[in-house]
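The figures that follow rest on heavy atoms only: side chains count, while hydrogens, waters and symmetry mates do not.
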Amino acid sequence: MPKYLSIADQIEQQILSHTLQPGTQLPTEKELMSQFHVSRQTIRNAFSCLLKKKLIYTVKGSGTFVFKSVFPPTNSKNIAVLITDADSYIFPYKSASINGVLTKHGYISNVFVTNNRIDYEENTIREILSTNYAGAIIEITKAVIPRSSKLIAELSQKLPVILIDGYYPDFPEIPYVSLDDRKGGYKATEYLIRHGHKKIFHVGKIDDLQGVLRYQGYVGALTDHGLAFSEDHVFWVTEPLYTNVPEGLMESLCQKIQQCTAVFFYNDDIAAKVVPALLQRGVKIPDDLSVMSYDNSLLSMHPLELSCISYPLNELGRVAAEHLLRRIDDPNFDATYIFEPEIVERSSVRRIADP
């Protein structure tokens, strides 16, 4: 083996084992020449190999440094894609846009479904860790619940990872692509407030980060506009109730909503379950009740056309895939991207006069 390759291999092993920590400055060419008893050209050839592998970078006038993020080299073209629910009304959009980008660049997506369960997610991550993947796109699973393990952090050290639809508070260093859900909740609530509504009900989802952030936006808008917050005007949906709201509970929910002049739903799916129940009980929308939803999916168009916050159905998956590929090429690429929420105005919100 040529001497420069041997030197490059030794430095590479020190980097991958974290003997040389990310961001560490390497010894100078002169120091390495003395250490290995070789010429300057040999050291430069060794550096050239490490530069091509994106293990080191140079700063003119400062020196040579270990990349802040370094992943073991791989020839794999497989990308792991973890989603929470294959039956979700948003999944086809995410899947198609992710797969479209990956296929275009010669990669293959391998889809795993966690069923929104932390244990399924962790088992899947263990499988990915034991297999050769070039990167992973992970839809967060119940991110508000603390993790008992650090598997996701271990995975993010082995290969490039992009989270979608939020982040894990325990692992803020992992890049993510999402809609600004706190701002989305704020804008949805403020839109109702600007239409004269002061008693606004919120149906939220407590066991995922999106639900908590949208609720925080709801409370923030009420507070900023000097309106009182009441726990009587909030109904929390959890995973079991999300798929099937018992009739008795639905009746209670509808009665509570009718105490307000407007309601802001966590997403189109729950709105599509509750709005028909309200209509069956004789509630006229928007005459009796204004409705604001979230996502702008096809569900927001039936049985009524609902005003809502628009979710980037096609764009989010595309950006996540593109940013993952950029991070594969450049481990230090800042892959986090946050979409700005936008309001879609339809016919479900009416303006009311001050009482």
Review point. In chain order, what residues pass the side chain to side chain contact (heavy atoms under 4.5 Å, CB included) check against Pro312, with sequence neighbours excluded?
Key: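 So Pro312 forms a side chain to side chain contact (heavy atoms under 4.5 Å, CB included) with Leu179, Glu315, Leu316, Phe339.
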
**Study point:** Residues in side chain to side chain contact (heavy atoms under 4.5 Å, CB included) contact with Thr84, at least two apart in sequence or another chain
**Key:** Thr114, Asn116, Glu139, Thr141

Exercise for review: Please test Ser76 against Asn132 for side chain to side chain donor-acceptor pair (under 3.5 Å), starting from the C-alpha separation and ending with a verdict.
Suggested key: CA-CA 6 Å; Ser76 174; Asn132 188 19; 4.6 Å; no

Check your understanding: Where does the angle between the aromatic ring planes of Tyr167 and Tyr176 fall among parallel (under 30°), tilted (30 to 60°) and perpendicular (over 60°)?
Key -> tilted

Looking at [X] and [Y], what are the two nearest heavy atoms and their distance?
{"X": "Val291", "Y": "Val349", "answer": "O-CG2, 3.4 Å"}
{"X": "Ala271", "Y": "Leu306", "answer": "CB-CD1, 4.0 Å"}
{"X": "Ala8", "Y": "Cys49", "answer": "CB-CB, 4.0 Å"}
{"X": "Ala335", "Y": "Ile162", "answer": "CB-CD1, 3.3 Å"}
{"X": "Ala320", "Y": "Ile164", "answer": "CB-CG2, 3.5 Å"}

Exercise for review: Could you walk me through whether Asp208 and Tyr266 pass the side chain to side chain donor-acceptor pair (under 3.5 Å) test, one step at a time?
Suggested key: CA-CA 11 Å; Asp208 76 19; Tyr266 158 78; 2.7 Å; yes

Exercise for review: Applying salt bridge (Lys or Arg N to Asp or Glu O under 4.0 Å), run through Glu190 and Arg194 and close with a yes or a no.
Suggested key: CA-CA 6 Å; Glu190 185 178 57; Arg194 293 192 183 283; 3.2 Å; yes

For [X], give me all partners under ring-ring contact (aromatic ring centres under 6.0 Å, His included), at least two apart in sequence or on another chain.
{"X": "His195", "value": "Tyr191"}
{"X": "Phe265", "value": "none"}
{"X": "Phe65", "value": "Tyr57"}
{"X": "Tyr168", "value": "none"}

Please answer whether the main-chain N or O of [Y] pairs with a side-chain N or O of [X] as donor and acceptor at a distance below 3.5 Å.
{"X": "Ser48", "Y": "Arg44", "value": "no"}
{"X": "His37", "Y": "Met33", "value": "no"}
{"X": "Thr131", "Y": "Glu127", "value": "yes"}
{"X": "Asn267", "Y": "Ile270", "value": "yes"}
{"X": "Arg318", "Y": "Asn314", "value": "no"}
{"X": "Thr64", "Y": "Leu26", "value": "no"}
{"X": "Ser178", "Y": "Ile338", "value": "no"}
{"X": "Glu31", "Y": "Thr28", "value": "yes"}
{"X": "Arg182", "Y": "Leu213", "value": "no"}
{"X": "Lys187", "Y": "Ile309", "value": "no"}

Practice item. Output all residues satisfying side chain to side chain donor-acceptor pair (under 3.5 Å) with Asp330, sequence neighbours left out; order by chain, then residue number. Key: none

Practice item. Check the surroundings of atom NZ in Lys256: do more than 12 heavy atoms from other residues, nucleotides or ligands lie under 6.0 Å from it? Key: no

Practice item. Step through the shown structure and confirm whether more than 12 heavy atoms of other residues, nucleotides or ligands are within 6.0 Å of CD on Gln35. Key: yes

Practice item. Evaluate side chain to side chain contact (heavy atoms under 4.5 Å, CB included) for Lys94 paired with Asp165, printing each intermediate quantity in order. Key: CA-CA 11 Å; Lys94 292 178 183 174; Asp165 284 336; 2.4 Å; yes

Review point. Heavy atoms, side chains only, cut-off 4.5 Å: are Pro246 and Met250 in contact?
Key: no

Check your understanding: Apart from Leu5 itself, what residues make up its hydrophobic cluster when side-chain heavy atoms of I, L, V, M, F, W and Y under 4.5 Å apart count as a link, directly or indirectly?
Key -> Met1, Tyr4

**Study point:** Shared-cluster residues of Ile108, by chain and number - hydrophobic side chains joined below 4.5 Å
**Key:** none

Review point. Which pairs with one or both residues in residues 101-125 pass salt bridge (Lys or Arg N to Asp or Glu O under 4.0 Å), sequence neighbours excluded?
Key: Arg117-Asp119, Glu121-Arg147

Exercise for review: Sort and list the pairs that fulfil salt bridge (Lys or Arg N to Asp or Glu O under 4.0 Å) and have at least one residue in residues 227-236, not counting sequence neighbours.
Suggested key: none

Point to revise | Step-by-step side chain to side chain contact (heavy atoms under 4.5 Å, CB included) determination, Leu227 to Ile193 | key: CA-CA 9 Å; Leu227 299 179; Ile193 293 171; 3.8 Å; yes

Let me check something: any side-chain donor-acceptor pairs from residues 295-304 under 3.5 Å, sequence neighbours excluded? List them with distances.
unit_1: Asp295; atom_1: OD2; unit_2: Tyr89; atom_2: OH; d: 2.3
unit_1: Asn296; atom_1: OD1; unit_2: Arg346; atom_2: NH1; d: 3.3
unit_1: Asn296; atom_1: OD1; unit_2: Arg346; atom_2: NH2; d: 2.5
unit_1: Ser297; atom_1: OG; unit_2: Asp268; atom_2: OD2; d: 2.8
unit_1: Ser297; atom_1: OG; unit_2: Leu299; atom_2: N; d: 3.2
unit_1: Ser300; atom_1: OG; unit_2: Ser297; atom_2: O; d: 2.6
unit_1: Ser300; atom_1: OG; unit_2: Arg346; atom_2: NH1; d: 3.2

Review point. Does the side chain to side chain contact (heavy atoms under 4.5 Å, CB included) test come out yes or no for Lys52 and Phe47, once each step is laid out?
Key: CA-CA 9 Å; Lys52 287 179 180 178; Phe47 276 6; over 6 Å; no

Practice item. Quick one: do Gln255 and Gln259 satisfy side chain to side chain donor-acceptor pair (under 3.5 Å)? Show the steps, please. Key: CA-CA 7 Å; Gln255 289 178 3; Gln259 296 173 6; over 6 Å; no

Check your understanding: Among Thr261, Leu253, Leu192, which residue meets the side chain to side chain contact (heavy atoms under 4.5 Å, CB included) test with Phe201?
Key ->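 Only match with Phe201 under side chain to side chain contact (heavy atoms under 4.5 Å, CB included): Leu253.
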
Exercise for review: Kindly confirm or rule out a cation-pi arrangement of Arg327 over Phe333, judged by NZ or CZ under 6.0 Å from the six-membered ring centre and within 45° of its axis?
Suggested key: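 Ring-cation test returns no.
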
Practice item. Pick out which of Phe264, Phe229, Tyr294, Tyr186 makes a ring-ring contact (aromatic ring centres under 6.0 Å, His included) with His202. Key: Phe264

Practice item. Please lay out, stage by stage, how Lys205 and Asp207 fare under the test salt bridge (Lys or Arg N to Asp or Glu O under 4.0 Å). Key: CA-CA 6 Å; Lys205 194 165 184 287; Asp207 57 356; 2.9 Å; yes

Exercise for review: With side chain to side chain contact (heavy atoms under 4.5 Å, CB included) as the test, would you mind laying out the steps for Val275 and Ile285 before giving the verdict?
Suggested key: CA-CA 9 Å; Val275 167; Ile285 299 173; 4.0 Å; yes

